[in-house]
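Taking it in order: structure first as structure tokens, then the write-up.
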There are 2 protein chains.
Amino acid sequence: MKDRQDVESAFARSNLRRTSQRYDVLSWLYRHKRHATAEEIFAAVNKANPRVSRATVYNVLHALVEGRLVRQLNAEGAARYDATLDRHHHFICDTCGAIEDLEWFDLPAAILRGAAGRRAVRETEITLHGVCERCGRK
Amino acid sequence: MKDRQDVESAFARSNLRRTSQRYDVLSWLYRHKRHATAEEIFAAVNKANPRVSRATVYNVLHALVEGRLVRQLNAEGAARYDATLDRHHHFICDTCGAIEDLEWFDLPAAILRGAAGRRAVRETEITLHGVCERCGRK
DNA sequence: GTCCCTGCAAACGGTTTGCACCCGG
DNA sequence: CCGGGTGCAAACCGTTTGCAGGGAC
């Protein structure tokens, strides 16, 4: 099963201690939808394995973000988490609040260089805001 | 004095009822640094005019965002607010957490169109993450 | 064996709410 | 005068913390 290998190799790559709770959270993120809140993750993972507490889900998410296995997205209300299997940007609907993924594209290098000046850029985050297809049809 | 005119004309443009609390908040945003949290705004405005309560600052900020006079930035922890006198992007330092403004630049139209598909885009938000000049020098 | 991780519950910070009063149009 | 805006305090929700016990390496 592919998921399991992905999770194990992610731990191997990352120098993070592999605990069952970390395994459960990361594997859930690989298997489920992006943009989940910590609370959603806690509910799902704790249901499957009650040996995972709320505080630990928060701890684990921080560790995974720190180890670059998971990406944190600051939205209104609660933070949202994505396993970083592939890079992508986001679209947020003004009307219904849905967060949709957009395929990855690069900011042209010349523009990026001009904008960044002397700062060292690690990541470019692009979020489009507007009206999603579903809301636009009404 | 220029500020006052800006604030008044912003209310005229926006169809928002002009109350003294709204005036105080918007005028403070015009006169002070960007990226202030609601709490910072409350502290400053309430000090100058105790007739402004915390709840009202939150109400007012929502109304101003709704009326497009102010932009809301979702960062870690608390939301941050900018009066939208000019458009700009942001840089957030991984090390010290500072939020710096970047001059406005457009995402090339062809790229934007490709990314958006059929969605109606109202705004493009670009946030660069990395290490700021000050932290990079250490 | 050591240190880091975990579980629990209490605390915390930012934000929202309910309701009576007030003021702008 | 009407309807939306305001002040206050309590409630709420997402998140963090302190500490005792447990598991990874």
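The chains referred to below are lettered A, B, ... by the order of the sequence lines, with proteins before strands, and numbering in each begins at 1.
- Rounded to a whole Å, the CZ atom of B:Arg17 is 6 Å from the C1' atom of D:dG3.
- Checking the phosphate oxygens (OP1, OP2) of D:dT6, a side-chain nitrogen or oxygen of B:Thr19 falls inside 4.0 Å.
- Between the CG atom of B:Asn49 and the P atom of D:dT6 there is a distance of 12 Å, rounded to whole Å.
- The hydrophobic cluster containing B:Tyr23 also contains B:Leu26, counting ILVMFWY residues as joined when their side-chain heavy atoms lie under 4.5 angstrom apart, directly or transitively.
- Map A:Gln21 and B:Glu39 each onto its nearest nucleotide of DNA chain C; the residue landing nearer the 5' end is A:Gln21.
- Note on B:Arg18: only backbone sugar-phosphate atoms sit closer than 4.0 angstrom, heavy atoms only; bases stay farther off.
- OP1 or OP2 of D:dT16 has at least one side-chain nitrogen or oxygen of A:His62 nearer than 4.0 Å.
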Output, in order, the C-alpha distance, side-chain angles, deciding distance and verdict of salt bridge (Lys or Arg N to Asp or Glu O under 4.0 Å) for B:Asp86 and B:Arg34. CA-CA 11 Å; B:Asp86 54 358; B:Arg34 306 183 199 274; 3.1 Å; yes

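- Distance B:Asn15 CG to D:dG5 C1': 16 Å, rounded to the nearest Å.
- Taking atom CD on A:Glu76 and atom P on C:dT15, their separation rounds to 10 Å, with Å as the unit.
- More than 12 heavy atoms of other residues, nucleotides or ligands sit less than 6.0 Å from atom CD of A:Glu39.
- Summarising the geometry, the separation between OH on B:Tyr23 and P on D:dT6 is reported as 16 Å, rounded to the nearest angstrom.
- Side-chain proximity of B:Ala79 to C:dT15, D:dG23, D:dG14: nearest is C:dT15.
- The side chain of B:Ala78 approaches C:dG14 more closely than any other nucleotide in the set C:dG14, C:dT16, C:dG25.
- Here B:Ile92 contributes atom CD1 and B:Leu128 contributes atom CG; the two are 9.5 Å apart, rounded to the nearest 0.5 Å.
- Here the side chain of A:Arg22 is nearest to one of C:dT6, D:dG4, C:dG14, namely C:dT6.
- For A:Ala38, taking side-chain heavy atoms from C-beta onward, the closest of the listed nucleotides C:dC23, D:dT15, C:dC8 is D:dT15.
- Between B:Tyr58 and the phosphate of C:dT15, there is a side-chain N or O to OP1/OP2 separation shorter than 4.0 Å.
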Solution key, residues 60-81 of chain A side-chain donor-acceptor pairs under 3.5 Å, sequence neighbours excluded:
| from | atom 1 | to | atom 2 | distance (Å) |
| --- | --- | --- | --- | --- |
| A:Arg80 | NH1 | A:His35 | O | 2.8 |

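- The CD1-P distance, from B:Ile41 to C:dG14, rounds to 13 Å in whole Å.
- If you measure from atom CG of B:Asn46 to atom P of D:dT6, you get 14 Å, rounded to the nearest angstrom.
- Map A:Asn59 and B:Leu16 each onto its nearest nucleotide of DNA chain C; the residue landing nearer the 5' end is A:Asn59.
- The nearest whole Å value for the distance from the CG atom in B:Leu61 to the P atom in C:dT15 is 9 Å.
- Which of C:dG25, C:dC8, C:dT6 sits closest to the side chain of A:Ala55 comes down to C:dC8.
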